[in-house]
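Heads up, the thing below is written out as structure tokens.
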Amino acid sequence: IKIAVLISGGGTNLQSLIDAVEEGSIKGSIALVISDRKGAFGLTRAENHGIQAMLLDKKTYGGIEERDAALLQILQEQKIDLIVLAGYLAIVPQRIIAKYENRMINIHPSLIPSFCGSGYYGEKVHQEALNRGVKVTGATVHFVNEETDGGPIILQETVTIDFDDDLKDIQTKVLEIEHKILPQAVRLFAEGRLKVIGNRVKIL
Ligand code: GRF
């Protein structure tokens with residue numbers, strides 16, 4: 001399968017996918033990395049591995065609508081089979097979500113439905129977990145649907161929070177899990193082992 005990875009930042013999740021593909025554990029290739037932010041280090045990671053890296057920011061394309069139109073066109077032209085949102089902070093428009101139903105996945109740094117929804121991204125997720133005093137948090141990979149962080153859950157894995165953990169400690173523990181379950185989910189997708197039944201996912 002042909003994979004497109006959408007990023008906005010450092011791209012450590014992208015890196016975990018690049019490594020998995022290069023190890024041969026994913027039956028597919030990353031055809032394209034797209035960032036909505038100039039200077040996202042994830043673009044450099046792609047270039048370092050000979051992967052086409054594109055900056056699709058609203059400034060260059062003259063607005064969000066135009067940018068999203070270009071995004072959809074590129075995804076279709078390149079016959080992308082799976083879109084992975086790996087720290088992509090722009091809103092994916094409904095018309096793209098609709099075209100990629102159960103073919104677009106997202107990694108979120110909490111156990112959905114906790115600490116998710118609009119406004120919950122990056123460090124805020126971990127800050128809220130810290131404030132609430134949860135003893136367990138983790139990461140979730142899910143299919144993207146019209147509801148932010150609301151799509152069918154593919155994989156989740158937990159980490160424990162110790163009383164003395166600070167935000168960075170939690171972020172580090174969760175990121176390690178993200179780098180494990182995102183490639184795992186992409187591998188399962190590539191092997192055709194993810195079956196969506198209602199709002200749940202059965203792993204065949
Ligand atoms: C990760 O915490 C991920 O869960 C969230 O955004 C962050 C992306 O980190 N969606 P990176 O750019 O993959 O390092």
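Numbering of ligands and ligand atoms starts at 1, following listing order. Quick caveat: nothing in here was measured; it's all calculated off a predicted structure.
In this structure, Asp165 pairs ionically with Lys173, as a charged nitrogen and a carboxylate oxygen lie closer than 4.0 Å. Between Glu123 and Lys168 there is a salt bridge, with a side-chain nitrogen of the basic residue lying less than 4.0 Å from a carboxylate oxygen of the acidic one. Under the 4.0 Å criterion applied to side-chain N and carboxylate O atoms, Arg132 and Glu128 are not assigned as salt-bridge partners. By the 4.0 Å N-to-carboxylate-O rule, Lys180 lies too far from Glu176 to be salt-bridged with it.
In the vicinity of Pro109, heavy-atom distances shorter than 4.0 Å reach the ligand 1 atoms 4 (O).
The shortest N/O to N/O separation between Gly11 and ligand 1 falls below 3.5 Å. Between Ile107 and ligand 1, a contact under 3.5 Å exists for at least one N or O pair. Of the N or O atoms in Glu178, one or more lie within a sub-3.5 Å distance of an N or O in ligand 1.
Other residues, nucleotides and ligands contribute more than 12 heavy atoms inside 6.0 Å of the CD atom of Glu47.
For atom 9 (O) of ligand 1, the nearest protein heavy atom (residue, atom name, distance) is Asn13 ND2, 3.8 Å. Looking only at protein heavy atoms, the nearest one to atom 6 (O) of ligand 1 is Gly87 CA, 3.4 Å. For atom 14 (O) of ligand 1, the closest heavy atom belonging to the protein is Thr12 OG1, 2.6 Å.
Taking a 4.0 Å cut-off on heavy atoms, Gly42 fails to register as neighbouring ligand 1. Heavy atoms of Gly122 come nearer than 4.0 angstrom to ligand 1 in no pair at all.
Neither the backbone nor the side chain of Gln171 comes within 4.0 Å of ligand 1, counting heavy atoms alone.
Under a 3.5 Å cut-off, the side chain of Thr140 and the backbone N or O of Ile112 do form a donor-acceptor pair. The backbone N or O of Ala20 sits less than 3.5 Å from a side-chain atom of Ser25, completing a donor-acceptor pair.
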